[in-house]
Amino acid sequence: MYEVLEDFAQQNGLRQTSPGLKLFLGVSSILLCVSSSDPAAPLLVAASMSAAVLALAKIPARFYARLLLVPVSFSVMSIAVILFITAGGAVLLEVPGLPLAVTSDGANLALLLLARVFGGMCSLYFIALTTPMTEVFDILRRLRVPAVFIDLAMLTYRFIFILIEEAGQIYRSQVMRLGYGRFRESVQSSGMLAGALFLRTWESGEALILAMDARCYDGKLGIPGDSRPVSFIAIITTLLYLSAVFGVSLSTGGLVLV
Amino acid sequence: MHIMEGFLPSPWWQVWFLVSLPFIIIGLYQLNKLVQEKREALPLLAVAGAFVFVLSSLKLPSFNGSCSHPTGTGLGGVLFGPCIAAVLGLIVLVFQAVFLAHGGITTLGANVFSMGIAGPAVAYLIYKAGTRAGANTYATVFCAAALADLSTYVVTSVQLALAFPGTAGFLGAFSAFAAIFAVTQVPLAIVEGAVIMLVFKYIVQL
Amino acid sequence: MTTPLLETDNVTYTYQNSPAALAGVSVRIAAGSKTALVGPNGAGKSTLLLMLNGMLRPASGEVRFDGRPLAYDNRSLRDLRRRVGFVFQNPDVQIIAPTVEQDVAFGPVNLGLPPDAVRQAVRDALGYVGLRGYEKRPPHHLSGGEKKRVAIAGILAMEPAVLVFDEPTNTLDPASSEEVMELLDELASGGRTVLISTHDVELAYRWADSVILMERGSVLARGPPEEVFSDHGLLAAARLKPPALLDLYNELGLRGVIDRGVPPKSVLEFTDRIEREMHGHAPARDEPGKIYLCNADRTGGDELRVLVEQGVVEHVGAMGTRAKEFANRERILLDYTYGVIDKCILKALIGENSLIITTGGMVEHVHRRIGEYSAESGRALKATPVQGPVSPGPGRESVPE
Amino acid sequence: MTTPLLETDNVTYTYQNSPAALAGVSVRIAAGSKTALVGPNGAGKSTLLLMLNGMLRPASGEVRFDGRPLAYDNRSLRDLRRRVGFVFQNPDVQIIAPTVEQDVAFGPVNLGLPPDAVRQAVRDALGYVGLRGYEKRPPHHLSGGEKKRVAIAGILAMEPAVLVFDEPTNTLDPASSEEVMELLDELASGGRTVLISTHDVELAYRWADSVILMERGSVLARGPPEEVFSDHGLLAAARLKPPALLDLYNELGLRGVIDRGVPPKSVLEFTDRIEREMHGHAPARDEPGKIYLCNADRTGGDELRVLVEQGVVEHVGAMGTRAKEFANRERILLDYTYGVIDKCILKALIGENSLIITTGGMVEHVHRRIGEYSAESGRALKATPVQGPVSPGPGRESVPE
């Protein structure tokens, strides 16, 4: 029922590339996007990240296109607000009868934000679609993130998939008994679904404690994975790419660091 | 309501990280202690986190938005205290960002504050106040859930208005953001309140 | 050939990120038939079933109900799902209301029935599955078999024409499995079309009148079970095991011990076949035992208890959930709760008397089955109806003293 | 009698708000035995199993491991659980970590093994269950059978002396069930004590060397399966069905068609019995077919392919996960994946050649089984080892041309 990006991360064209490098590339791109004061660099990031996702990771284009729609509703609304509350510069458009106007400053800011969200989201997709969470846990451990946090995250990860599966089945069985026909029924059915899921969660929790005890739980979880060698060419390419974006960013308006 | 990746400029995304950080640090410290004393706390928190995640990925019969379900984390707050609930909120938000593309990495600080800290706190307080005042349980639950949801959107509006006061100033920007998000968030809060109330009713019947 | 009730025409389907789940599947389900979709896990059985009530839409190909291609707008889907009921493998995902009654009412309420009609539908459905009196119970305190029956009642309450069961007996123990399969038989004998998916060849062999063998998203074979399952190569290709009796029969055939022909479907038939093989004919015997047949809806428990206590009958079997309930209530101990008719014929053949308790349309079925057997085997057997106070019959075992 | 490895002495247990789950149960599990706890759902099987590794504490009575009563402090419990491994019915309950590797490592890590030893234990356990190469996969991308094997590997990695399986084949399809049961056989033949609970009489009948029949929290009977399961009354009391072959055998006995004695446990034995019954003796026959036996650890695929391609053998079977993997890798099509030895003997008896691929300790087991059969039946059969390049044997089917 839910298309979880993680499923693609587990098997994509860049699965074997070092997760550390992918994470570094993705996060750096995001930082470059939010720091750029001109839309050019974020748009470049958006284009190159999308290209990497489609051409290298081989994510189906149709699925990726639908993903790009996820941030639209949020961005459209918030950018509309910014468009109207930011004055300054030439007036480009006036709403007749209302004290609302779009000015060039407002339009520029809106454009910049749109580019940043676009670039940022594409970078986030790059990470989400190519780097399995299971490998991110290893990186977090190497970064000395507290073990209790990673353990909790790992257990949560496992149970997310168990519960998603169950929720999907319950939802389906409700649909088959016409549970989501009208609005009222939908609310009722959602409540039932969430309630049933709560019950299941509770049972899972108890079962998990039992299972961990049966396997001699002593406060430890898993082993550090073996680090994969990073290819020299990959590092150089990544660094070259990031410097290029950095260059574009500097030349088009500079960086806003703080 | 999640702020998308790339939307918060410097220095605001860093600011919200700094604001949320103390809660997380205290939460981690408490969590460590809790897990050492009561080993079964970890699996319980884990399934609670998974539950909140799955609940938030359900398509509620409302507009497109996915919500944060601060009531879920609020429940964690009742059980384990607000700081541990914040850690749980952080984990859920990371998974939401990476699995569902809701939210982002640089905006994590701001989102943790609105949905992992402020929202659950409101839910917690209203629930406490309601039970103490002897109000109808279902009404209390409905209010706690709906208002917690509303509060996260109010906080988000504050965060956006601070970052983009425009020429209208903070208050003007805030009212603009609050007004436009009300279109989706108010119905969502009511639906969520109703759903959580039904869940509560469901559990009581068991 | 008449138009089948349900039909798929070369349907394909692929889940995201996976190989094809269905690679061009065409099946025809006749109205009133008992069909089993047989194959290992992952063969595409569930995917196909989910297509039949429009939960999944084929990537290509067509699904037809009653001759008309499915439409996928909300209205048509609602209509379809009311007519094609689907019982999930795991009742825990299907029964989610806090009480049995509320759960069974879920479908009828969504159909928009008035409260009285809903109540009636719930009462009927619970009665049918033998769970009257369970209305207020919370489902998660029920046993596996009871949960399954609640799930079935929830679908029955919507009065579908076709019932689709995904792995109906998975995780159930033998007694609960038998109850569920009997329920399926009752449903089919009541004129409904019943379709199940299973990886249990033994079960499909006994129950179905038509089998569709699937593996890796394709149909390997279709036909009557004894034909499909006799082909070792086919079963091996579908990673399934032949039913034990069929396996034995084939090995005996290979060694030339027994003539190969239509394979026996039950222990009864098998015994007869071997006996005939050994003696060249069915040996003459003493007077066969009697088979008493009682319609639990029409008889009181007292009459039956007399039969049992006076030693007139040595074995008692009940068919159907209501009959078993009846026996339970009347404290009549049951020796047979599954394969009852065959067991009683077997006993009659060795000269012992038995009693079959059943209800409704199943009474006719018992007469028919015994008549058929009698005609085939040339041994005069028939069921003696029990009505009102019974005078001890003239069977070999008479009233003691 | 020597001290049993595991023993319960009149244990009782009651869950909150329920009738007694165990009402005074005493069982003895001998070291190295293959025991099946058989009963319907709700008979108390799982409760009893959970007691054996201290997950539940009896309300009264005593559980002893290796002669000593269990202690319920944390230290003793950890120690016990390392030695008595418990595989849950539902692998989803048992698999904890986000990847296969991390999950299998869970036990060893918590036992405090150094990282290298952990890695070794994980590698060995995954190799044993035939899942090498699955290390990085998340459990939710595995099939039901694969999950089960991960769950087993997670327990094996702790190297327990006793392995307890709650309903090991529930929800698995026949092929996966066979794989799991074979794994259990391998474990038992490797000297481990294996205890399972099941409601599948057929399975217990074939697999176990000792059976404990339970119902309503009590032990109804214990002993060798053919004894316990021959008693119809007992099985009916436990609401279970007799195995099909045993049922047929008993009916044939009742009709006087076949002498009642030790019931046959397999299609092979049954076929022989009927044949003997009909002809008074095992009929003389042509030269029996040959059974080739290959140790997959020592032979290359080329030699075997030669055998198959030249038509020397007509049937190929593989026993054990590693052998099946080997056949898969070498693209040798398998005709038999379960009950392999019996199938090959059956083929040899009708003069056809076959090849058994297996590994490790199972090689000895094949020799033994064929030797036993040969001695019992008086037919000279033996397994011909395949080593290095094979010259076509002198079997009936020689090299074509």
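Values below: every heavy atom of this structure, side chains too, minus hydrogens, waters and symmetry copies. Below, read A as the first sequence line, B as the second, and so on, with proteins coming before strands; counting in each chain starts at 1. This is a predicted model, so every value here is computed, not measured.
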Give the minimum heavy-atom separation between D:Arg239 and C:Pro174, together with the two atoms involved.
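Here D:Arg239 and C:Pro174 meet closest at O-CB, 4.3 Å.
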
Quick one: closest heavy-atom pair of D:Ala236 and C:Asp335, and the distance?
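Distance-wise, the nearest heavy atoms are CB-O, 4.3 Å.
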
For D:Thr169, side chain to side chain contact (heavy atoms under 4.5 Å, CB included) partners two or more places apart:
D:Ser177, D:Met181, D:Leu203

Listed by chain and number, what are the side chain to side chain contact (heavy atoms under 4.5 Å, CB included) partners of C:Glu179, not counting sequence neighbours?
C:Arg149, C:Lys324

SB check D:Lys343 C:Asp247 (cutoff 4.0 Å):
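Counted as a salt bridge, because a side-chain N and a carboxylate O are separated by less than 4.0 Å.
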
dist C:Glu202:CD -> D:Glu202:CD (nearest 0.5 Å) comes out at 6.0 Å

If you round to the nearest 0.5 Å, how far is OG of D:Ser176 from NE2 of C:His199?
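One finds 8.5 Å between NE2 of C:His199 and OG of D:Ser176.
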
Measuring heavy-atom distances to chain C, does [X] have an atom under 4.5 Å in its side chain, in its backbone, in both, or in neither?
X	value
D:Leu172	backbone
D:Gln89	neither
D:Pro264	neither
D:Thr271	both

Among D:Thr198, D:Asp272, D:Asp200, who wins on heavy-atom pairs under 4.5 Å with chain C?
D:Asp272

Name the member of D:Ile274, D:Leu268, D:Leu346, D:Leu240 that forms the most heavy-atom pairs with chain C at distances under 4.5 Å.
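Winner by heavy-atom pair count: D:Leu346.
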
I'd like to know whether CZ of C:Arg273 has more than 12 heavy-atom contacts from other residues, nucleotides or ligands below 6.0 angstrom.
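Enclosed.
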
Residue part contacting chain D, namely of C:Glu167, when any heavy atom lies under 4.5 Å
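Neither part; nothing is under 4.5 Å.
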
Find out whether D:Glu275 and C:Glu251 are in side-chain contact, i.e. whether some heavy atom of one side chain is under 4.5 Å from a heavy atom of the other.
no

Would a distance-only check, ignoring hydrogens and angles, find a side-chain to backbone donor-acceptor pair under 3.5 Å from C:Asp173 to D:Asn41?
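Yes; judged by distance alone, with no hydrogens or angles, the pair exists.
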
Do you know which of C:Leu248, C:Asn170, C:Val201, C:Leu245 has the most heavy-atom pairs under 4.5 Å to chain D?
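It is C:Leu248.
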
